[in-house]
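Counting starts at 1 for both ligands and their atoms, following the listed order.
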Amino acid sequence: MDSLLIKGGVPLHGDVTISGAKNAVLPIMAATLLTRERCIIRRVPNLSDVTFMGQILSSLGAEVKREENTLEVRAAKVKGMGDYELIRKMRGSICILGPLLARLHKARVSLPGGCVIGSRPIDLHLKGLEALGAKITIEAGYVVAQAKRLTGTDMFLGGRSGPTVLGTANIMMAATLAEGVTIIESAACEPEVVDLAKFLTAMGAKISGAGSPTITITGVSELHGAEHEVIPDRVEAATFAIAAAATGGEVTIHGVRPEHFHAVLDKLKESGVKIVRNGPALTVSKASRLKPVDITTLPYAGFPTDVQAQMMVLMVLTQGISIITERIFESRFMHVSELARLGADIAIEGPSAIVKGGRALSGAPVMASDLRASAALVIAGMVARGSTLVKRIYHLDRGYENIDEKLRKLGARIERVEET
Ligand code: EPU
């Protein structure tokens with residue numbers, strides 16, 4: 001198992017190019033199961049989650065080929081069985097359920113289980129599929145879904161914490177091959193849902209309203225192969241922007257869609273970070289003095305939960321008190337105790353973290369608990385005095401393409417070492 005050894009205190013300077021979005025490519029890969037024809041997906045990031053999803057598609061019978069950042073999938077014949085050993089590795093794999101059910105009328109997919117950021121139920125996915133006419137049972141840890149035919153209907157897909165991103169993706173995919181019209185109310189509005197809708201449309205699906213809370217899908221009898229380029233990763237872009245500000249450097253981030261992470265840019269500006277836009281590039285630099293800002297994570301277009309941990313690091317470095325409230329996942333504060341090991345002063349009160357910022361950080365060994373927490377620890381390590389060892393960075397490799405290499409090019413003193 002690898003760790004990252006970081007020697008802090010170097011401001012990041014230079015240029016970085018953002019990779020394709022993990023959370024867009026995973027459901028898009030699942031959507032290739034909807035057709036027997038060949039699909040080509042471009043700007044596919046080299047991430048372990050993408051490798052897992054490729055293995056899942058292969059285990060279902062699809063032919064998966066990858067050449068650099070282009071992925072070719074041909075699911076000429078597929079079987080409807082998603083094995084626990086593969087599904088448990090990655091929660092995102094639950095989005096094979098909708099396509100398999102739509103194509104084969106029967107699917108047996110392992111329940112993905114929880115993860116450190118919360119219990120992560122799939123009740124809304126199942127509610128949506130049932131509304132389309134599927135009969136669902138849970139047998140020995142597997143979801144067994146059957147439907148002679150799926151029939152379009154209108155449904156409300158909102159839950160306790162608002163809409164569901166992968167739930168919306170699952171239902172949208174299943175509905176493309178249902179008979180009649182499906183209307184999803186309280187659909188997730190995330191750019192990744194829009195990107196999936198774009199790919200499905202290229203495959204011949206009839207979808208309108210993606211990106212709004214009401215998505216309408218008119219079923220078609222079959223879908224065909226398509227080509228698609230994945231959107232840039234807004235969470236990766238936000239992470240580099242925060243890293244530039246936190247280290248007090250100046251970084252130009254290329255190939256971004258700033259409109260996809262407006263809420264983050266707005267909070268950075270409110271805090272005093274300087275952001276200059278030049279087409280698809282953003283130059284981010286720190287103002288002389290930052291101000292604390294309060295943040296509440298919300299569904300899109302609100303502040304993303306996937307950037308909460310990284311933003312907390314910036315607030316740890318900012319003189320004053322800021323309150324960070326997590327409204328999407330109930331236990332997404334695993335980074336707090338690790339940041340405390342570096343010297344941060346953060347108290348948890350219910351769904352909020354109260355950050356007393358402005359204390360100097362000093363390096364220490366820390367343990368990554370999930371993907372975004374790992375990114376936060378890396379940023380903190382780049383600022384802290386001395387050396388920080390971030391352990392268990394396999395989490396990081398799930399969602400950031402070549403992060404150590406990209407950071408090294410920006411001047412960071414960071415190297416991968418084997419864990420002892
Ligand atoms: N929820 C339910 N029932 C469901 C589904 C979700 O109650 O059936 C709840 C969840 O427990 C949570 C909320 O609804 O409280 C939102 O969860 P959502 O379903 O939107 O999350 P997801 O689709 O499983 C995706 C991303 C996550 C990201 C969230 C929120 C992928 C592969 N994952 O998860 O990404 O945090 O949306 O934006 O797209 C990450 O990249 O680090 C990551 C965790």
Side-chain angles (χ1 to χ4, degrees), residues 19-31 45 47-50 52-53 56 87 89-98 111-131 136 143 155-173 184 186-196 213 230-231 233-239 260-261 263-264 297-310 326-332 334-335 351 368-376 395-401:
S19 304
K22 165 182 85 84
N23 291 347
V25 77
L26 296 176
I28 286 172
M29 286 174 77
L47 302 171
S48 58
D49 270 8
V50 170
F52 288 147
M53 192 53 133
I56 290 171
I87 303 287
K89 289 190 183 165
M90 183 182 69
R91 257 200 61 97
S93 53
I94 191 61
C95 56
I96 63 171
L97 182 60
L111 282 162
C115 66
V116 291
I117 65 174
S119 64
R120 306 190 72 181
I122 58 159
D123 55 311
L124 298 169
H125 300 233
L126 304 186
K127 175 184 163 184
L129 294 176
E130 275 174 336
I136 293 184
V143 180
M155 64 177 85
F156 179 81
L157 213 56
R160 207 165 38 95
S161 314
T164 161
V165 176
L166 290 175
T168 302
N170 238 336
I171 306 309
M172 193 162 73
M173 289 189 278
I184 308 175
S186 195
C189 303
E190 270 67 4
E192 293 75 16
V193 171
V194 179
D195 207 35
L196 172 64
V230 175
I231 52 170
D233 196 311
R234 63 193 168 108
V235 182
E236 188 198 12
T239 303
H260 287 171
F261 56 115
V264 177
T297 65
L298 289 168
Y300 193 79
F303 194 95
T305 174
D306 291 343
V307 186
Q308 178 256 108
Q310 303 89 312
E326 173 57 55
R327 291 274 178 223
I328 307 295
F329 292 112
E330 76 265 28
S331 35
R332 207 172 198 181
M334 302 291 285
H335 41 286
S369 56
D370 75 272
L371 169 56
R372 308 305 172 187
S374 314
H395 291 291
L396 214 51
D397 294 330
R398 294 185 51 191
Y400 290 92
E401 187 175 48

Among Asp49, Thr164, Leu157, Leu371, closest by heavy atom to atom 19 (O) of ligand 1 is Thr164
Per-residue contact class, Arg91 against ligand 1 - non-hydrogen pairs under 4.0 Å: side chain
What distance separates Phe329 CZ from Asp306 CG, expressed to the nearest 0.5 Å? 7.0 Å
Interatomic spacing from CG in Asp195 to NE2 in His260 - rounded to 0.5 Å: 8.0 Å
Taking heavy atoms and a distance under 4.0 Å, where does Arg332 meet ligand 1: side chain, backbone, both or neither? side chain
With a 4.0 Å heavy-atom cut-off (strictly under), which part of Asp123 contacts ligand 1: side chain, backbone, both or neither? both
Sub-4.0 Å heavy-atom contact, Arg160 with ligand 1: no
Out of Lys22, Arg372, Glu236, which residue meets the side chain to side chain donor-acceptor pair (under 3.5 Å) rule with Tyr400? Arg372
Closest to atom 20 (O) of ligand 1 (heavy atoms only, candidates Leu26, Val165, Leu124) is Val165
Atoms in ligand 1 flagged as close to Ile122, the criterion being non-hydrogen separation under 4.0 Å: 4 (C), 8 (O)
Taking heavy atoms and a distance under 4.0 Å, where does Asp370 meet ligand 1: side chain, backbone, both or neither? neither
Taking Glu190 for its side chain and Val193 for its backbone only, find out whether a donor-acceptor pair lies under 3.5 Å. no
What's the separation between atom CD in Glu192 and atom CD1 in Ile28, rounded to the nearest 0.5 Å? 9.5 Å
In Å, rounded to the nearest 0.5 Å, how long is the span from CD1 of Ile56 to CD1 of Ile87? 4.5 Å
Sub-3.5 Å N/O-N/O distance, Glu190 and ligand 1: no
Would you say Gln308's side chain and Thr297's backbone share a donor-acceptor pair under 3.5 angstrom? no
Per the side chain to side chain contact (heavy atoms under 4.5 Å, CB included) rule, which among Leu124, Val143, Leu97, Ile122 passes with Leu129? Leu97
Work out whether the distance between some heavy atom of Glu330 and some atom of ligand 1 is less than 4.0 Å. no
Where does Glu192 meet ligand 1, judged by heavy-atom distances below 4.0 Å: at the side chain, the backbone, both, or neither? neither
Check for a donor-acceptor pair, side chain of Thr168 on one end and backbone N or O of Ala188 on the other, with a separation under 3.5 Å. yes
Give the atoms of ligand 1, by number and element, whose distance to some non-hydrogen atom of His125 is under 4.0 Å. 8 (O)
Is the shortest N/O to N/O distance between Phe329 and ligand 1 below 3.5 Å? no
Nearest heavy atom to atom 11 (O) of ligand 1, choosing from Ser161, Pro121, Gly128, belongs to Pro121
Within the 4.0 Å heavy-atom shell around Lys22, which atoms of ligand 1 are there? 40 (C), 41 (O)
Taking all non-hydrogen atoms of both residues into account, name the closest pair between Tyr300 and Cys189 and its distance. CD2-O, 3.3 Å
